[in-house]
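Report on one structure; see the data block that follows.
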Amino acid sequence: MVVIMHVNDAGESWTWLLFLICLTTTLGSTVPVGYFFGVLNAPAEIIQSWCDEVLSNEYDTNSSESQLNLLWTSIVSIYLIGGICGSCFSACCCNKYGRKGTLIISSVILLICGLLFTWCRAARSLEMLLVARFFGGIASALIFTAQPMYLLELAPSSLSGSVGVFTCIGVTAGILLAQIVSLPQLLGNDDNWPYALSFYALLVLLCLLPLMCYPESPRWLYLVKGDVAASAHGLRQLRGNEVNVQLELNELEQTLSKNDKSSTICQVLRDKALLLPLLLVCALQASQQLSGINAIFFYSLLILTNAGFSSSSATWLNLGIGCFNLFTSLLGPLLLYKFNRRPLLMCSCLICGGSLAGMSFSLYYLLSSEGMALRYVSIAFILTFILGFQLGLGPIAYFIGSELLEDAPRPVAMSFGSLFSWLGNFLIGLCFPLLQIAWSSFAFMPCMCVCIFCLLLVWRYLPETRGREPKDVKPLMSQGLRSKIN
């Protein structure tokens, strides 16, 4: 990460404080989100056995296999339901308590969830497990809305892409951390699985105190709270260059003079000029989840087993795929610093769509012919898909709303984007197993269609945002679906 390590005191480049804020909010906020996504995969059978035991001993209920599967589905999906619910009020929370304040609230919720995870087995309580998963989803939704806004509003515009990619890096690292911690050799066993579920809380606790000491978003302080002095103080801490601070304060004063107050949900939905940017934010966030990345990681062990690998080999291959996913995500800051958003997104969608098609056909011929070489062809397509995803569709979808929309409608748009992200995730979890039963190896073809749709949407409607302020991009989208971006 060359761009990350280039830290100096220039106002338009990285400062040590900005780098530490990015690192802290990633480790303490978005890594736990990814951890929630990945931690239940390995110890699933152990936790299901415990659920059966609790139902039998505490509730005097003998459950059938189908009832246990329904309970397990509820435990997995209630996290996504919490995310959907949290997205509905995350904009209000960001406007009322600030970007940093919302991250602190989410951290406290995550710590409480960690305690519930730790003690649910000792209390023999399924309710504690379900409640922890649900409120973990709410906290994750708050993070998905607040963290990208917080980092982009702290950074100078020239670094918007580089700081925006930290959300994706955190989620990717969290999934890998969950895969490692939940290995049977570590915490994913009969004795330690509650500690595997709550391990993320150590990171949250470690990062909470530094987070409380960091400055709040200067834009939120100036435009929403009207606290000019606190905003100026925060900018001086972040920039270390009085000239740049004065320029940004003047720009904030001009924005405030236009009565650019925070917009409500109804105001955003009624404004025709915001139709296209809102559609782009929601479509990109949904496409990110529906592109197939979650299907690959949710069902990667099953995919590798179907490809002919043993259970042990599939586990280690899955871990290797997670490492590759993290490595490619680390390229994001450099790529987004050097290249425009539109070509990165279009290349990403094209590579993802082609990889999904190749993977579907290679798995199909593998199942029919059992050729050894096709196993490795399938893995190659999985790795190519992950590389393509991390080029653009993975990182850009998280922060594009902050580059497309001005300060007033931004929290609402980011909240809507988060909502569609959770809905897409929920839809994948609900439909992909059914598609696997019906279509076998071709279950990824609908995901390929989503990638093609996203490619066409970006080509036709997404204006280039790199090096531009939202006020410069706004006129290009003011005509809704009739807008011309060139």
Side-chain angles (χ1 to χ4, degrees), residues 1 30 33-34 37-38 144 148 161 164-176 179 280-281 283-300 303-304 317-336 339-360 362-363 378-400 417 420-422 424-425 427-429 432 443-459 462:
M1 287 195 302
T30 52
V33 174
F37 279 122
F144 271 157
V165 78
F166 275 88
T167 306
C168 186
I169 290 175
V171 173
T172 303
I175 292 173
L176 178 60
Q179 290 176 326
L280 287 168
V281 171
L284 287 172
Q285 288 265 31
S287 297
Q288 181 198 58
Q289 302 302 319
L290 295 172
S291 65
I293 188 68
N294 284 328
I296 285 177
F297 279 102
F298 286 167
Y299 304 100
S300 52
I303 293 169
L304 292 170
L317 279 171
N318 189 43
L319 190 60
I321 290 172
C323 292
F324 180 78
N325 189 31
L326 177 60
F327 172 76
T328 52
S329 73
L330 295 176
L331 298 174
L334 178 61
L335 290 173
L336 290 165
F339 300 102
N340 289 344
R341 314 292 189 247
R342 275 173 53 84
L344 282 176
L345 265 173
M346 287 191 286
C347 287
S348 176
C349 293
L350 191 61
I351 293 172
C352 287
S355 300
L356 289 173
M359 184 171 61
S360 297
S362 64
L363 286 172
S378 300
I379 293 176
F381 278 122
I382 290 175
L383 296 178
T384 304
F385 172 85
I386 291 172
L387 176 62
F389 182 82
Q390 295 294 355
L391 282 178
L393 196 54
I396 294 175
Y398 283 119
F399 67 83
I400 194 66
F420 274 77
S421 175
W422 288 102
N425 204 331
L427 194 60
I428 280 287
F432 190 77
F444 285 101
M445 298 309 283
C447 299
M448 183 198 72
C449 295
V450 170
C451 293
I452 294 172
F453 163 77
C454 190
L455 170 65
L456 296 175
L457 185 72
V458 170
W459 171 74
L462 181 69

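No hydrogens, no waters, no symmetry mates; every other heavy atom, side chains included, goes into these values.
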Donor-acceptor contact below 3.5 Å, side chain [X] vs main chain [Y]:
X	Y	result
T328	F324	yes
R341	L336	yes
S378	M359	no

Could you grab the distance from atom [atom1] of [X] to atom [atom2] of [Y], nearest 0.5 Å is fine?
X	Y	atom1	atom2	answer
L387	C352	CG	SG	9.0 Å
I382	I293	CD1	CD1	10.0 Å
L344	L393	CG	CG	11.5 Å
S291	I428	OG	CD1	7.5 Å
I169	N325	CD1	CG	11.0 Å
M448	M445	CE	CE	3.5 Å

Scan L290, L350, L356 and name whichever one has a side chain to side chain contact (heavy atoms under 4.5 Å, CB included) with C451. L356
Out of L457, I400, V458, which residue meets the side chain to side chain contact (heavy atoms under 4.5 Å, CB included) rule with L280? L457
Is the shortest heavy-atom distance from the side chain of [X] to the side chain of [Y] under 4.5 Å?
X	Y	value
Q390	L331	no
F144	V171	yes
Q285	W422	no

Please name the pair of heavy atoms, one in [X] and one in [Y], separated by the smallest distance, quoted to 0.1 Å.
X	Y	value
F389	P395	O-CD, 3.8 Å
L284	A397	O-CB, 3.7 Å
I296	F444	CG1-CE2, 3.8 Å
L391	S348	CB-CB, 4.2 Å
C447	G292	SG-CA, 3.7 Å
L176	G322	CD1-C, 3.7 Å

State whether a side-chain donor-acceptor pair under 3.5 Å links Q289 with S421. yes
